[in-house]
Number of protein chains: 2
Amino acid sequence: MKKKDNNSDDFQVCPIDYGFKRIGGKYKARILWYLKKDTVLRYGELSRALPDITTKMLTQTLKELENDKLVHREMFYQVPPRVDYSLTCTGEELIPFIDHVREWSLREMEKEKDLLAVGSR
Amino acid sequence: MKKKDNNSDDFQVCPIDYGFKRIGGKYKARILWYLKKDTVLRYGELSRALPDITTKMLTQTLKELENDKLVHREMFYQVPPRVDYSLTCTGEELIPFIDHVREWSLREMEKEKDLLAVGSR
DNA sequence: CCGTATCCGAGAGGATACTG
DNA sequence: CAGTATCCTCTCGGATACGG
């Protein structure tokens, strides 16, 4: 198997890979989704929206999303500090597709539940 | 942070997480995509379609997709052996959404290229 | 309130050789 | 042709403690 030699970037990047790298990762899609629902969320609100995330991962993921221009970050220099997060236009373009997965998943989870119910009686 | 205790499954599973687990992984989306394009592909054809995948990963990923009922596997007992892979109905439901990411990625990659071109002149 | 800084373990994925 | 079987590396993410 040919390994990509990194001193030449003339190899083709698959767009599917590219996309999944930008929204993959354990929490990225969920964060984007919560942001679309409420438009603007503070750090603490996001933290409460995703109860299973650690501060490390939340900070890190938000930073990645910001560098990727998918979320916008606004700091207010106050005491106590305040930081707002919201979607960029590019980030919003991803919402319909996250919605699609979500709907699909809900249907699939229903199917699983039904199957389980039938099996146990 | 509360850790999920695995002896009780009364905790809520987020549908977004659920979905991304089923189509996440380095090659799953790409494999589904190639299957939609050509409808039926043999193991070797898939291998050639994804030049960067090793046999180990291809076999493993296909097995996962099969267990998840996203792809269908058909063996022909011949010499030399032949195995066909195709999408299930559930798998097909994911294609529009993979398409969406792909289109988005193509646009984004264009934007990056333009940016680079401007920067270097 | 909004993070940083370390340390660490599990598992995803890679390289390589072999088989019915 | 269509996979198995090992071994190994390396990144992702969890736990925990501390800082402006």
Side-chain angles (χ1 to χ4, degrees), chain A residues 1-6 11 14 16-17 20-31 34-35 40-68 71-86, chain B residues 1-6 11 14 16-18 20-31 34-35 38 40-68 71-86:
Chain A
M1 292 297 133
K2 191 169 58 126
K3 186 125 196 263
K4 120 191 174 190
D5 47 321
N6 42 5
F11 68 97
C14 169
I16 297 179
D17 270 8
F20 272 80
K21 247 174 229 145
R22 267 180 90 169
I23 54 154
K26 201 167 179 187
Y27 303 102
K28 285 191 180 177
R30 269 166 83 197
I31 289 178
Y34 278 114
L35 284 176
V40 168
L41 287 177
R42 301 180 54 171
Y43 185 90
E45 292 178 307
L46 277 169
S47 182
R48 256 164 275 126
L50 297 89
D52 53 335
I53 200 175
T54 61
T55 65
K56 179 202 169 193
M57 283 314 288
L58 182 53
T59 306
Q60 181 181 306
T61 308
L62 284 169
K63 205 167 285 175
E64 286 171 25
L65 290 171
E66 194 197 352
N67 291 338
D68 267 0
V71 314
H72 176 67
R73 179 176 187 269
E74 186 163 10
M75 285 198 62
F76 301 88
Y77 290 89
Q78 313 170 344
V79 181
R82 168 183 171 185
V83 184
D84 282 358
Y85 292 93
S86 56
Chain B
M1 293 297 135
K2 192 169 57 129
K3 188 126 198 259
K4 124 191 171 187
D5 45 323
N6 42 3
F11 69 96
C14 169
I16 297 179
D17 271 7
Y18 173 93
F20 273 78
K21 245 173 231 146
R22 267 180 90 168
I23 54 155
K26 201 167 179 187
Y27 304 101
K28 285 190 179 178
R30 270 165 84 196
I31 290 179
Y34 278 112
L35 284 176
D38 300 294
V40 168
L41 288 178
R42 301 181 52 170
Y43 185 90
E45 293 177 305
L46 277 170
S47 182
R48 257 164 275 127
L50 297 89
D52 54 335
I53 200 173
T54 59
T55 64
K56 180 203 168 193
M57 282 313 290
L58 182 53
T59 307
Q60 180 181 306
T61 307
L62 283 169
K63 206 167 282 176
E64 286 171 25
L65 290 171
E66 194 196 354
N67 291 338
D68 266 0
V71 315
H72 176 68
R73 178 177 188 269
E74 186 162 11
M75 286 199 61
F76 301 87
Y77 290 90
Q78 314 171 344
V79 180
R82 166 181 174 188
V83 183
D84 282 359
Y85 292 94
S86 55

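Proteins get letters first, then strands, A, B, ... in listed order; numbering begins at 1 in each.
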For the helix from C:dC1-D:dG20 to C:dG20-D:dC1, what angle lies between the axis at the first five pairs and the axis at the last five pairs, to 10 degrees?
60°

Heavy atoms under 4.0 Å, any strand shown: does B:Phe76 hit a base, just sugar-phosphate, or nothing?
nothing

On DNA chain D, does the nearest nucleotide to B:Arg48 precede the nearest nucleotide to A:Met57 from the 5' side, or the other way round? Give the residue.
B:Arg48

Rounded to whole angstroms, how far apart are CE on A:Met75 and C1' on D:dG20?
10 Å

Spacing of B:Tyr85 atom OH and B:Glu66 atom CD [to the nearest 0.5 Å]:
7.0 Å

Which whole-number value in Å describes the distance from B:Leu58 CG to C:dA15 C1'?
16 Å

Nearest-0.5 Å distance, CG of residue B:Leu46 to CG of residue B:Asp84:
10.0 Å

Side-chain N or O of B:Arg82 versus OP1/OP2 of D:dA2: is the shortest distance under 4.0 Å?
no

Value rounded to 0.5 Å, distance of NZ in B:Lys28 from CD1 in A:Ile16:
15.0 Å

Quick note, B:Lys63 side chain, CB onward, closest among C:dG3, C:dT4, D:dT4 is D:dT4

Name the residue closer to the 5' end of DNA chain C, choosing between B:Gly24 and A:Pro80 according to the nucleotide with the nearest heavy atom.
A:Pro80

Taking atom P of C:dA15 as reference, at what distance in whole Å does atom CD of B:Gln60 sit?
15 Å

Value in whole Å for how far the P atom of C:dG14 lies from CD1 of B:Ile53:
8 Å

Using a cut-off of strictly less than 4.0 Å, decide whether B:Arg42 has a side-chain nitrogen or oxygen near OP1 or OP2 of D:dG3.
no

Exercise: do A:Thr59 and A:Tyr43 side chains pair donor with acceptor under 3.5 Å
yes

Quick check for you: among D:dA2, C:dA17, C:dG13, whose closest atom lies nearest to any side-chain atom of B:Lys26?
C:dG13

Between CZ of B:Arg73 and P of D:dA2 the distance, given in whole Å, is 10 Å

Can you tell me how far P of C:dC2 sits from CD of A:Glu74, to the nearest Å?
14 Å

Is the distance from OP1 or OP2 of C:dC2 to the nearest side-chain N or O of A:Tyr77 less than 4.0 Å?
no

Kindly compute the distance separating OH (A:Tyr27) from CG (A:Leu62), expressed to the nearest 0.5 Å.
12.5 Å

Counting only side-chain heavy atoms from C-beta out, which of C:dG3, D:dG3, C:dC1 sits nearest to A:Val83?
C:dG3

Could you work out which one of C:dG14, C:dG3, C:dT4 sits closest to the side chain of B:Tyr27?
C:dG14

Identify which nucleotide among D:dG3, C:dG20, C:dC1 has an atom closest to any side-chain atom of B:Pro81, counting heavy atoms from C-beta outward.
C:dG20

Within the modelled atom types, does a donor on one side and an acceptor on the other bring the side chain of A:Thr55 and the base of C:dT4 under 3.5 Å apart?
yes

Any idea which of D:dG3, D:dA15, C:dT4 is nearest the A:Thr54 side chain?
D:dA15

Examine C:dC18: is either OP1 or OP2 under 4.0 Å from a nitrogen or oxygen in the side chain of B:Lys56? Give yes or no.
no

Evaluate the side-chain proximity of B:Asp52 to B:Arg30: yes if any heavy-atom separation is below 4.5 Å, no if none is.
yes

B:Lys28 NZ to C:dG13 C1', straight-line distance once rounded to whole Å
13 Å

Take A:Met57 and A:Lys26 through the test side chain to side chain contact (heavy atoms under 4.5 Å, CB included) and record every step on the way to the result.
CA-CA 9 Å; A:Met57 283 314 288; A:Lys26 201 167 179 187; 5.6 Å; no

Between atom OH in A:Tyr85 and atom C1' in C:dG3, what is the gap in whole Å?
8 Å

First locate atom CG of B:Leu65, then atom CD1 of B:Ile31, and finally report the distance between them rounded to the nearest 0.5 Å.
6.0 Å

